[in-house]
J.: 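The following block contains the structure, expressed as structure tokens.
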Amino acid sequence: MPELPEVEIVKQSLNQKIQQKKIKKIIIKNRNLRFKIPLKFEKLLENRIVKKVTRFSKYLILNFSDGSFCLIHLGMSGTIHLIKKNDLNKLTNTSFYNSPSLPKKHNHVEIHFKDLKIIYNDPRRFGFLKFINNKQALIDRFDHLGPEPFFKTFNLKYLLKYFLNKKKNIKSFLLDQKFVSGIGNIYASEILFLSRINPKTHAMKLSKEECKKIIFFSKTVLKRAIEKGGSSIRDFKNISGENGNFQKEFKVYQRENLSCLRNKCTGKIKKISISNRSTFFCNTCQK
DNA sequence: AAGAGGCCCTGATAGC
DNA sequence: TGCTATCAGGGCCTCT
């Protein structure tokens, strides 16, 4: 599901709801996520106060008031759901929650606060949660990740140096989190379409101008997607159950055999596989 | 040592 | 109440 824009949407909506709140209880229904959740996890989180929620790349980060953290990665199919305790609950002291959009299966982790809880749901279990002791450990955990497209360090000099003698195709580089972090399979195709670059182009063959376009459109596409609340294909929703809208602006993703949307281009969108990931492009204007 | 490919897992859909 | 194959927003690991 989630590339950088979708995780950013989750971060923003979580921040409005759980900032400065204390974790009352953790309930784990299934520990077997991407990495097994250790038995001590509940004790490590309970009674900590969420100072704020931040994000790096596709990782959500609960920042606790004592300087520790909890990483949340949503993998391919993870979602987070906010459940408010119903007012009725306060009166009757039952455990009735108001939960219109909560899936029936795969609700693996519950984080309870005083008046609400958030639930981590993940059918494929490619995501994970991990407690991190301190700032240095967090920095170490992200050590292998390249800059986000928004960073100043994601610039022409960086690309030209990185692509020197690199035969790998540009589509794979956009998905390579060591090179640039936060872009996933949807936005990689969209960025290359806007840059008019064929996804199979060897990185070392890219001109200076093409590198500039990649930098520019990486920033603008992700920024626009965030403004539109992310992309909702299949099941992405924000934590209140609302869809994003960027999928309505897809130029190539999931548009196989449809006409190219570029002004005056008469091409059709093709779907190919690159490193086992579907890749969409116009073979007329992305030569 | 860069780069390709497999694998972790469930669910939706298409084709037979 | 059909089966089977294919594909899906990610990232880590192994092999060459």
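Lettering of chains follows the sequences in order, A, B, ..., and the numbering in each one begins at 1. As the structure is a computational prediction, the values presented were derived from the model and not from experiment.
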J.: Among A:K21, A:K17, A:K84, find the one that has a salt bridge (charged side-chain N to carboxylate O under 4.0 Å, His left out) with A:D115.
T.: A:K21
J.: Whole angstroms only, please: what is the CZ-P distance between A:R125 and C:dG10?
T.: 19 Å
J.: Looking across every strand, which nucleic acid part, if any, lies under 4.0 Å from A:K271 by heavy atom: base, sugar-phosphate, or nothing?
T.: sugar-phosphate
J.: Please list residues of residues 158-168 of chain A whose heavy atoms come under 4.0 Å from any atom in DNA chain B, ordered by number; otherwise none.
T.: A:K166, A:K167, A:K168
J.: For A:F217, give me all partners under ring pair (Phe, Tyr, Trp, His ring centres under 6.0 Å), at least two apart in sequence or on another chain.
T.: none
J.: Whole angstrom is fine here: how far is it from CZ in A:F173 over to P in C:dG10?
T.: 18 Å
J.: What would the secondary structure line of DNA chain B be in dot-bracket form, counting Watson-Crick and G-U wobble pairs under 3.5 Å, with [ ] for pairs that cross earlier ones and | for pairs with another strand?
T.: .|||||||.|||||||
J.: Provide the distance between the two P atoms, one in C:dT6 and one in B:dG6, to the nearest whole Å.
T.: 13 Å
J.: Which residue pairs pass the salt bridge (Lys or Arg N to Asp or Glu O under 4.0 Å) test with at least one member in residues 58-81 of chain A, sequence neighbours excluded?
T.: A:R48-A:D66
J.: For a salt bridge (Lys or Arg N to Asp or Glu O under 4.0 Å) check, start with the C-alpha distance between A:E110 and A:K29, then their side-chain angles and the critical distance, and finish with the verdict.
T.: CA-CA 8 Å; A:E110 296 185 0; A:K29 305 273 182 59; 3.2 Å; yes
J.: Sorted by first residue and then second, give each salt bridge (Lys or Arg N to Asp or Glu O under 4.0 Å) pair with at least one member in residues 213-233 of chain A; sequence neighbours left out.
T.: A:K223-A:E227, A:R224-A:E227, A:R224-A:E249, A:K228-A:E249
J.: Please list, in 5' to 3' order, the outermost nucleotides of DNA chain B lying under 4.0 Å from any heavy atom of chain A.
T.: B:dG3 to B:dG11
J.: Enumerate the residue pairs fulfilling salt bridge (Lys or Arg N to Asp or Glu O under 4.0 Å) with a member in residues 265-278 of chain A, sequence neighbours excluded, ordered by first and then second residue.
T.: none
J.: Give one of base, sugar-phosphate or nothing for A:S172, where a contact means two heavy atoms less than 4.0 Å apart.
T.: nothing
J.: Evaluate A:L74 against A:Y120 for side-chain contact (heavy atoms from CB on, under 4.5 Å), listing each step before the verdict.
T.: CA-CA 9 Å; A:L74 301 173; A:Y120 176 82; 3.6 Å; yes
J.: How far, in whole Å, is B:dG5 from C:dC7 if one measures between their P atoms?
T.: 15 Å
J.: Given side-chain contact (heavy atoms from CB on, under 4.5 Å), test A:C70 with A:L45 step by step and report yes or no.
T.: CA-CA 8 Å; A:C70 180; A:L45 264 71; 4.0 Å; yes
J.: Side-chain polar contacts of residues 187-200 of chain A - donor-acceptor pairs under 3.5 angstrom, sequence neighbours left out - could you list them?
T.:
residue: A:Y187; atom: OH; partner: A:E6; partner atom: OE2; Å: 2.6
residue: A:Y187; atom: OH; partner: A:S231; partner atom: OG; Å: 2.6
residue: A:S189; atom: OG; partner: A:F280; partner atom: N; Å: 3.2
residue: A:E190; atom: OE1; partner: A:K251; partner atom: N; Å: 2.7
residue: A:E190; atom: OE2; partner: A:K251; partner atom: N; Å: 3.3
residue: A:E190; atom: OE2; partner: A:V252; partner atom: N; Å: 3.0
residue: A:E190; atom: OE2; partner: A:Y253; partner atom: N; Å: 2.8
residue: A:S195; atom: OG; partner: A:I191; partner atom: O; Å: 2.8
residue: A:N198; atom: OD1; partner: A:K200; partner atom: N; Å: 2.8
residue: A:N198; atom: ND2; partner: A:Q286; partner atom: O; Å: 3.3

J.: Using residues 155-162 of chain A as the side-chain source, report each donor-acceptor pair under 3.5 Å to any protein atom, sequence neighbours left out, with the distance given to one decimal.
T.:
residue: A:N155; atom: OD1; partner: A:K157; partner atom: N; Å: 3.3
residue: A:N155; atom: OD1; partner: A:Y158; partner atom: N; Å: 2.9
residue: A:N155; atom: ND2; partner: A:K152; partner atom: O; Å: 3.1
residue: A:Y158; atom: OH; partner: A:F179; partner atom: O; Å: 2.7

J.: If I take atom CD in residue A:Q247 and atom P in nucleotide C:dA8, what distance separates them, rounded to the nearest angstrom?
T.: 17 Å
J.: Answer with base, sugar-phosphate or nothing: what part of the nucleic acid does A:Y253 contact at a heavy-atom distance below 4.0 Å?
T.: sugar-phosphate
J.: Using the salt bridge (Lys or Arg N to Asp or Glu O under 4.0 Å) criterion, which residues pair with A:E148? Sequence neighbours excluded.
T.: A:R55
J.: Rounded at 0.5 Å granularity, tell me how far CD1 in A:I170 sits from OG1 in A:T201.
T.: 8.0 Å
J.: Just by protein heavy atoms under 4.0 Å, how would nucleotides 11-16 of chain C read 5' to 3' in B, S and -?
T.: BS----
J.: Say you draw a straight line from CD1 of A:I61 to CG of A:L138; how long is it, rounded to the nearest 0.5 Å?
T.: 5.0 Å
J.: To the nearest angstrom, how far is A:F126 atom CZ from C:dC7 atom C1'?
T.: 12 Å
J.: For nucleotides C:dA5 and B:dC7, find the distance between their P atoms and express it as a whole number of Å.
T.: 16 Å
J.: Does A:H73 have any ring pair (Phe, Tyr, Trp, His ring centres under 6.0 Å) partners at least two apart in sequence or in another chain, and if so, which?
T.: A:Y59, A:F128
